[in-house]
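Here's the structure, in structure tokens; my notes come after.
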Number of protein chains: 2
Amino acid sequence: MTSQLDADMFDPACPSSVMPFRIGDKWTAMVVLCLEHGPRRFSELRVPLRTITPKVLTETLRAMERDGLVTRTSYDENPPRVEYALTPLGRSLLTLVEAARAWCRENMSELLAARRSSDLSSRDPSPAPTPARPGSDEQRAR
Amino acid sequence: MTSQLDADMFDPACPSSVMPFRIGDKWTAMVVLCLEHGPRRFSELRVPLRTITPKVLTETLRAMERDGLVTRTSYDENPPRVEYALTPLGRSLLTLVEAARAWCRENMSELLAARRSSDLSSRDPSPAPTPARPGSDEQRAR
DNA sequence: CGGTATCCTGCTAGATACTG
DNA sequence: CAGTATCTAGCAGGATACCG
């Protein structure tokens with residue numbers, strides 16, 4: 001386990017803002033997912049999280065630590081090494097995150113189709129529905 | 001069905017900000033819950049949602065309508081009557097909301113205990129743990 | 001009743017730069 | 001490497017008032 005984290009683990013074209021769903025703040029669910037297969041270092045987390053700033057990652061991890069979702073282990077080495085890991089409580093969130101991802105996989109295309117057609121009809125007097133075949137052009141849920 | 005909505009349906013002492021979990025924005029999950037047992041009128045929704053302003057409730061409902069989660073039906077009567085109802089898509093969110101509430105019921109006390117003890121130890125040099133018997137003083141998940 | 005229209009504020013989170 | 005320190009902007013959400 002604990003293989004390298006993929007920089008493309010989270011599709012930037014699939015912003016979680018599309019989900020009618022969030023775990024905590026903007027990044028918490030993704031951190032939980034990143035820690036699923038074992039402890040990770042600060043810099044390691046920055047790879048899949050890409051656009052996150054160190055400041056925000058620190059804040060996110062501190063908040064999660066405070067709530068007992070992750071542990072922070074600092075090894076007194078040089079260069080410094082710090083590892084973050086899920087607690088059992090944090091791990092219990094995984095089922096919720098998975099349920100949310102399952103919902104997205106099943107329903108995202110319908111939601112996006114509804115959004116598109118409502119966007120169209122509010123701009124265009126003649127709707128021209130374009131019923132949007134399910135599972136065609138939407139971004140996949142990773 | 002469709003009995004009156006309880007003004008105490010959502011405990012104000014149990015802010016959803018405590019949950020490491022949200023459906024969409026601040027109010028969406030609560031609206032979904034309010035519509036669980038049948039269509040509701042605008043004013044009816046304001047009762048359990050209490051502190052929500054008309055503006056924000058309108059925004060929330062419009063966003064949900066746009067995403068195909070609710071329907072808005074306006075009856076041409078006097079006084080005017082408008083009803084909001086869950087679509088099948090919106091209804092499918094109920095299982096997710098329920099999963100989240102189940103998580104809260106099971107784990108909230110542990111999370112709050114962790115938060116309390118971490119708050120203490122950051123203020124107080126001698127932690128004085130107070131292990132927080134589970135299920136004692138926390139607010140219930142409704 | 002079922003909303004709009006304004007105005008306003010706090011806070012999340014991004015940009016950027018620096019450090020033990 | 002693993003963060004801090006500042007500064008700033010955007011925007012969700014709230015207060016208040018008014019309307020068809």
Side-chain angles (χ1 to χ4, degrees), chain A residues 2 4-5 7 10 12 15-31 34-35 39-67 70-85 122, chain B residues 4-5 10 12 15-31 34-35 39-67 70-85 122:
Chain A
T2 316
Q4 287 239 92
L5 288 179
F10 304 109
S16 43
S17 57
V18 186
M19 295 208 226
F21 181 97
R22 287 163 63 190
I23 303 278
D25 61 18
K26 184 174 177 181
W27 300 100
T28 304
M30 288 188 251
V31 171
C34 288
L35 298 178
R40 300 290 178 180
R41 307 176 62 164
F42 191 86
S43 307
E44 226 175 337
L45 291 172
R46 293 185 66 178
V47 174
L49 267 18
R50 287 206 266 182
T51 64
I52 200 171
T53 60
K55 176 201 156 207
V56 172
L57 180 53
T58 301
E59 286 168 357
T60 302
L61 289 168
R62 293 277 190 276
M64 293 177 73
E65 193 189 2
R66 180 174 116 97
D67 285 349
V70 302
T71 56
R72 178 183 183 279
T73 311
S74 167
Y75 299 91
D76 199 11
E77 302 174 356
N78 194 305
R81 185 163 62 99
V82 176
E83 279 189 345
Y84 294 91
S122 61
Chain B
Q4 287 239 92
L5 289 179
F10 304 109
S16 43
S17 57
V18 186
M19 295 208 225
F21 181 97
R22 285 164 64 188
I23 304 280
D25 61 17
K26 184 173 178 180
W27 300 100
T28 304
M30 287 187 251
V31 170
C34 288
L35 296 178
R40 299 289 179 181
R41 308 177 62 164
F42 191 87
S43 306
E44 226 175 336
L45 292 172
R46 293 186 66 178
V47 174
L49 268 17
R50 287 207 263 180
T51 65
I52 201 171
T53 61
K55 177 201 158 207
V56 172
L57 180 53
T58 301
E59 286 168 357
T60 302
L61 290 169
R62 292 278 190 275
M64 295 177 72
E65 193 189 0
R66 180 173 117 96
D67 285 349
V70 301
T71 56
R72 178 183 183 277
T73 310
S74 167
Y75 299 91
D76 198 12
E77 301 174 355
N78 194 305
R81 183 163 64 97
V82 175
E83 279 189 346
Y84 295 90
S122 60

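To find a chain, count down the sequence lines: A is the first, B the second, and so on, and within it residues start at 1. Only a predicted model underlies this, so the values are computations on that prediction, with no experimental measurement involved.
Take A:Arg66 and apply the side-chain hydrogen bond (donor to acceptor under 3.5 Å, both in side chains) test, not counting sequence neighbours, and it matches B:Asp119. Legend: residues meeting salt bridge (Lys or Arg N to Asp or Glu O under 4.0 Å) with B:Glu65, ordered by chain and number and at least two apart, are absent.
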Check residues 49-64 of chain A and write down every donor-acceptor pair under 3.5 Å in which the side-chain atom is one partner and the other belongs to a residue at least two apart or another chain.
| from | atom 1 | to | atom 2 | distance (Å) |
| --- | --- | --- | --- | --- |
| A:Arg50 | NE | A:Ala7 | O | 3.0 |
| A:Arg50 | NH2 | A:Ala7 | O | 3.3 |
| A:Arg50 | NH2 | A:Asp8 | OD1 | 3.1 |
| A:Thr53 | OG1 | A:Val56 | N | 3.3 |
| A:Thr58 | OG1 | A:Pro54 | O | 2.8 |
| A:Thr60 | OG1 | A:Val56 | O | 2.8 |

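A:Tyr84 comes within 4.0 angstrom of the backbone, heavy atoms only, and of no base. Among the heavy atoms of the strands lying under 4.0 Å from B:Arg72 are primed sugar atoms or P, OP1, OP2 only; no base atom is included.
Annotation: proximity of residues 50-63 of chain A to DNA chain D (heavy atom, distance under 4.0 Å) is found for A:Pro54, A:Lys55, A:Thr58, A:Arg62, numbered in ascending order.
For B:Asp25 and A:Arg81, each mapped to the nucleotide of DNA chain D holding its nearest heavy atom, the one lying further toward the 5' end belongs to A:Arg81.
First and last contacts of DNA chain C with chain A, using any nucleotide atom under 4.0 Å from a protein heavy atom and ordered 5' to 3', fall at C:dA13 to C:dG20. In summary, contact between chain B and DNA chain D, defined as any nucleotide atom under 4.0 Å from a heavy atom of the protein, begins and ends at D:dG13 to D:dG20 in the 5' to 3' direction.
Recorded end-axis angle for the helix from C:dC1-D:dG20 to C:dG20-D:dC1 stands at 60°, based on five pairs per end and rounded to 10 degrees.
Taking both residues in full, the closest heavy atoms of A:Arg22 and B:Gly24 are given as CD-O, 4.1 Å, listed atom of the first, atom of the second, then distance. Taking both residues in full, the closest heavy atoms of B:Pro39 and B:Glu83 are given as CB-OE1, 3.7 Å, listed atom of the first, atom of the second, then distance.
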